[in-house]
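To start, the structure itself, in structure tokens.
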Amino acid sequence: MDASTLPTGTTLLLRTGGHWDCLVAIAGYDGHLLHPALVFKNPVPLWQSASTPLDGPITRAAWPRLRRLILVHNPGLDGTLCMLDDMVTGETP
């Protein structure tokens, strides 16, 4: 996906790519720069789940599934992920 086509305020997954694709961070895009919102201690293997979004912005429908997968590999992040819920779903607090 080309960054020039992304709308400002988009929330993105930062991944390693390749056969052993893993999620390493969640970032916000403001039209010019990526701003890391959360960098994971333990990478989240995306290759283990066929239902995990692998490209593009995080959608409201995909977030609950992805959130559960993140918590499996990074237990204890529930409070932090709650703070990111509004950012990911595009809602304002």
*asked:* Between Leu71 and Trp63, is there shared hydrophobic-cluster membership here, with clusters defined by ILVMFWY side-chain heavy atoms closer than 4.5 Å?
replied: yes
Closest approach of [X] and [Y], non-hydrogen atoms and distance?
X: Pro45; Y: Leu69; result: O-CD2, 4.1 Å
X: Ile70; Y: Leu77; result: CG2-CD1, 4.4 Å
X: Asn74; Y: Lys41; result: OD1-N, 3.7 Å
X: His35; Y: Asp30; result: NE2-OD2, 2.9 Å
X: Pro43; Y: His73; result: O-CB, 4.1 Å

*Derivation and outcome, side-chain contact (heavy atoms from CB on, under 4.5 Å), residues Leu14 and Phe40*: CA-CA 10 Å; Leu14 299 181; Phe40 300 114; over 6 Å; no
*Can Ile26 and Val39 be said to form a side-chain contact (heavy atoms from CB on, under 4.5 Å), step by step?*
CA-CA 7 Å; Ile26 297 175; Val39 178; over 6 Å; no
Heavy-atom distance under 4.5 Å between the side chains of [X] and [Y], does that happen here?
X: Leu46; Y: Trp20; value: no
X: Tyr29; Y: Leu34; value: yes
X: Asp78; Y: Cys82; value: yes

*Going by the side chain to side chain contact (heavy atoms under 4.5 Å, CB included) test, name the single residue among Asn42, Val44, Thr16 that passes it with Cys22.*
Thr16
